[in-house]
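Heads up: the structure comes next, in structure tokens.
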Amino acid sequence: MQELGFSYLEELNDIQRQAVTSIDGPVMVIAGPGSGKTRVLTYRIAHIINKGVPPWEILALTFTNKAAREMKERIEKVVGSGAQRVWAGTFHSLFAKILRREAHRIGYPNDFTIYDTDDSKSVINDIIKSLNLDKKVYNNGAVRARISAAKSNLITPKAYVNNEELMAYDRMNRRPLIYQIYEKYAAKCLRAGAMDFDDLLLQMFRLLYQNPDGVREKYQRQFKYILVDEFQDTNHLQYSTIKLLVDYPESPQNICIVGDDAQSIYSFRGATIENILMFQTDYPQVNTFKLEQNYRSTQFIVDAANEVITNNKRQIQKKIWTDKDEGDKIKLIKAVTETEEGKRVSDSIVENKNRYNLRNSEIAILYRTNSQSRVFEEHLRRYNIPYRIYGGLSFYQRKEIKDLVAYMRLTVNDKDDEALKRIINYPRRSIGKTTVEKISSIADDNEMSMWEVLTKIDFGPRAKKSIIEFVKTVQSFKNKAQTLNAYELATFISRKSGIAELLKADTSPEGEARVENVNALLDGIKEFVDNDELVDGDDITDKSMSSFLQTISLMTDADQDSTDTDVVTLMSVHAAKGLEYRSVYVVGLEENLFPSYMSLASPDQIDEERRLFYVAITRAEEYLTLSFAASRYQYGQTRYNDPSRFLDEIGEGNLDSLISIQKSKPDFPQPKVLGNFKKLGSRKTPALGIDPSSFSASPAHSIKPGMTVIHLKFGQGKVNSIDERMVASIYFDGLSENQEKRIMLKYAKLQIVE
DNA sequence: GGGGGCTATGGGGGG
DNA sequence: CATAGCCCCC
């Protein structure tokens with residue numbers, strides 16, 4: 001350990017310092033936004049190291065790879081290069097790393113594949129098909145969500161079928177067989193040597209719980225100090241796994257959790273604030289510290305945040321305060337359409353840059369959904385303001401990348417059926433849908449992988465030739481994998497698979513971009529191979545292809561280094577958690593968007609949207625601007641939304657007084673339906689002579705039983721009833737007697753007549 | 001049996 | 001508006 005040129009402890013306030021130096025026993029830190037949470041975490045780790053603990057005995061679980069990287073850099077400044085060997089990373093990435101060493105003990109190959117969401121859905125699709133279920137009722141996304149929730153709550157397929165609550169819920173949604181799909185899905189993944197994202201947590205739990213060869217004790221002994229960041233966003237499964245690592249006879253229970261119940265925004269992923277309460281029960285001797293001083297934002301912003309969050313019912317009592325100046329009041333931009341919103345926000349960015357001398361990198365635009373980025377992009381480009389969009393399609397989600405990666409996956413793990421299906425006929429080699437389905441069903445019937453079927457079963461003369469050719473190609477990759485490093489292998493694959501050639505043949509700009517992307521992937525692999533830094537407590541670095549594949553499957557867009565530094569940041573509010581900017585624009589503040597229409601039915605979900613809004617506004621250091629558009633092109637048509645309820649909650653005193661919010665609904669100027677009209681007309685002719693150009697849908701929540709409404713296709717009708725899931729039953733005049741239509745209001749295009 | 005074009009349908013946040 | 005599945009032609 002190197003001697004310090006300064007004392008890091010002097011940079012902390014009293015409570016922060018206590019949180020840093022109380023390293024023995026369970027500790028809970030409740031940290032408001034901007035309260036120096038990261039500083040506490042990093043200095044705490046540095047402090048532990050300075051007390052003589054080897055870095056690799058410290059496990060720091062963060063929410064993003066980025067947070068982990070930042071943390072390591074900051075620890076390094078205090079303790080030197082040993083910081084790199086702290087086990088710091090996301091739950092998913094660190095558990096994957098451990099499973100790469102231990103998975104064979106629980107029936108998986110150490111080279112297991114990680115299935116992304118698309119892979120999971122595809123597996124589920126196949127199962128739904130094989131069970132002859134209606135894929136509209138058994139929507140694969142919904143089924144996947146149920147399975148994911150079950151795993152996050154440590155519910156096995158067997159426990160699922162015996163859980164009356166889950167089964168009743170599925171019956172209610174007319175999907176009583178989800179438990180069967182779950183069971184088959186789990187079996188299929190295991191057979192494919194594949195884990196989905198939830199499995200990285202679940203199989204880690206199983207590993208510790210079943211404890212083959214004393215593996216649990218091994219990790220209990222190794223991780224003497226455990227820290228968990230963003231604890232409010234952990235789910236039951238994560239909590240249980242941490243507990244297995246911490247709780248054992250004679251354990252010092254050196255566990256420190258850091259979080260803020262007010263910033264819990266991932267319940268859709270199974271996160272539960274209950275974990276904070278549970279922690280207090282499970283560790284009654286816990287030392288709790290509350291960080292309430294905000295060092296980030298000016299007074300008006302902090303006040304607004306406090307005002308907003310008081311609208312939520314359940315919360316841990318705390319009052320965030322700042323000793324900064326009151327600063328500028330919060331500004332509000334009202335726009336008529338989303339295009340105008342894009343323009344006016346961009347105008348404001350230009351103006352603020354000049355007035356306050358802001359750099360691009362000090363500005364962020366935050367939105368609820370990634371699809372909102374487009375209008376801001378367009379206007380920023382027009383003004384020559386460089387920007388970078390985080391989220392949305394990550395580099396590794398691009399088709400050309402996934403194709404090449406699929407070859408690599410299959411090379412490493414030939415049981416990976418999803419990878420095989422992706423590339424068996426890409427580039428074209430005359431193995432069509434029918435043949436693939438045949439291979440797949442033989443594989444299912446014999447509990448084999450598709451690769452095994454290809455290599456062991458004789459096919460008809462027509463398919464045979466192509467299949468032999470394909471098997472030969474992949475086999476050559478597998479052979480090369482013995483001698484080549486990951487980079488050489490990837491280059492070999494891109495050439496011999498025919499992908500490189502195929503892409504080069506396309507000389508359109510998009511085609512050229514695809515070639516560049518593939519080259520970028522190869523460069524990335526080279527960098528991965530050449531970089532020999534030791535991280536996360538490793539003694540040797542693993543440069544295999546399978547190690548690379550695992551790294552990238554856990555990488556999100558936000559984790560990629562950006563070469564351009566002085567750019568405006570565009571991202572979702574979720575992605576902005578933990579970040580801060582001098583100037584922040586929170587856009588699209590409308591009912592049905594923020595809060596999301598998906599959340600309107602449930603008060604709990606509205607509260608979560610509110611916490612999300614709280615996270616959004618507390619990203620701002622000095623200048624906070626909110627915006628909304630009165631109309632927005634959504635779901636294929638122009639919708640009119642009221643300003644978000646959250647705008648009413650920030651406190652009038654905190655808002656720039658020159659501007660006041662007015663509700664837009666009553667006789668709002670009729671928008672011009674431009675290109676839209678022709679398109680609608682050229683589609684199937686609307687029934688019953690309704691002119692689409694004069695049609696304007698009313699917001700879903702304004703429709704009530706008894707009303708007369710117009711539907712573009714069905715014409716005029718009367719709303720009979722609306723149930724709790726916002727499904728309306730409507731009698732349309734044009735349809736035969738007593739024929740009732742059931743329509744989901746959230747998708748419906750209905751205009752109120754009276 | 002494979003490949004291409006067309007239609008219908010669904011659309012949140014992320015590791 | 002994008003994608004998946006379906007139908008039709010080769």
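In what follows, every chain begins at residue 1, and chains take the letters A, B, ... in the order their sequences are listed.
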Shortest non-hydrogen separation from Phe594(A) to Glu609(A) and the atoms involved = CE2-O, 3.5 Å
key: Euclidean distance, Met408(A) CE relative to Ser497(A) OG, rounded to 0.5 Å   = 9.5 Å
inquiry  = Pick the closest DNA chain B nucleotide for Glu608(A) and for Ile431(A) by heavy atoms, then say which residue is nearer the 5' end.
reply    = Ile431(A)
key: Cation-pi check, Arg269(A) onto Tyr266(A) ring (under 6.0 Å, within 45° of axis)   = yes
message = Distance check, rounded to the nearest 0.5 Å: Thr64(A) atom OG1 versus Leu554(A) atom CG?
response = 13.0 Å
ask   = Across the strands shown, which category fits Lys438(A) at heavy-atom distances under 4.0 angstrom: base, sugar-phosphate, nothing?
value = nothing
ask   = Who is the Watson-Crick or G-U wobble partner of dG3(B), with both distances under 3.5 Å?
value = dC8(C)
task = For Ser599(A), report the nucleic acid contact type (base, sugar-phosphate, nothing); a contact means any heavy atom under 4.0 Å.
result = nothing
Partner nucleotide, any strand, of dG11(B) [Watson-Crick/G-U, under 3.5 Å] = none
request  = Give one of base, sugar-phosphate or nothing for Tyr266(A), where a contact means two heavy atoms less than 4.0 Å apart.
outcome  = sugar-phosphate
message = Go nucleotide by nucleotide along DNA chain C from the 5' end; which of Arg374(A) and Lys433(A) gets its closest nucleotide reached first?
response = Arg374(A)
task = Looking only at side-chain atoms of Thr434(A), point me to the closest of dG12(B), dG2(B), dC1(C).
result = dG2(B)
query = For the side chain of Asn370(A), counting heavy atoms from C-beta on, which of dC6(C), dG13(B), dG2(B) is nearest?
reply = dG13(B)
request  = Under 4.0 Å between any heavy atoms, over every strand shown, what does Arg428(A) touch: base, sugar-phosphate, or nothing? Just pick one.
outcome  = sugar-phosphate
ask   = Which is true for Gln372(A) with a 4.0 Å heavy-atom rule: it touches a base, it touches only sugar-phosphate, or it touches nothing?
value = nothing
inquiry  = Taking the minimum atom-to-atom distance to the side chain of Arg144(A), which one of dG4(B), dG12(B), dG14(B) wins?
reply    = dG14(B)
request  = Decide side chain to side chain donor-acceptor pair (under 3.5 Å) for Arg100(A) and Asn110(A); before the verdict, give the C-alpha distance in whole Å, the side-chain angles of both, and the deciding distance to 0.1 Å.
outcome  = CA-CA 5 Å; Arg100(A) 274 182 63 72; Asn110(A) 281 1; over 6 Å; no
request  = Could you work out which one of dG14(B), dG2(B), dG12(B) sits closest to the side chain of Thr435(A)?
outcome  = dG2(B)
task = Compare the minimum distances between each of dG14(B), dG12(B), dG11(B) and the side chain of Asn139(A), then state the nucleotide with the smallest one.
result = dG11(B)
request  = Looking at every strand, decide which applies to Arg611(A) at a 4.0 Å heavy-atom threshold: base, sugar-phosphate, or nothing.
outcome  = nothing
task = Assign Asn125(A) to base, sugar-phosphate, or nothing according to its heavy-atom contacts below 4.0 angstrom with the strands shown.
result = sugar-phosphate
task = Give one of base, sugar-phosphate or nothing for Asp116(A), where a contact means two heavy atoms less than 4.0 Å apart.
result = nothing
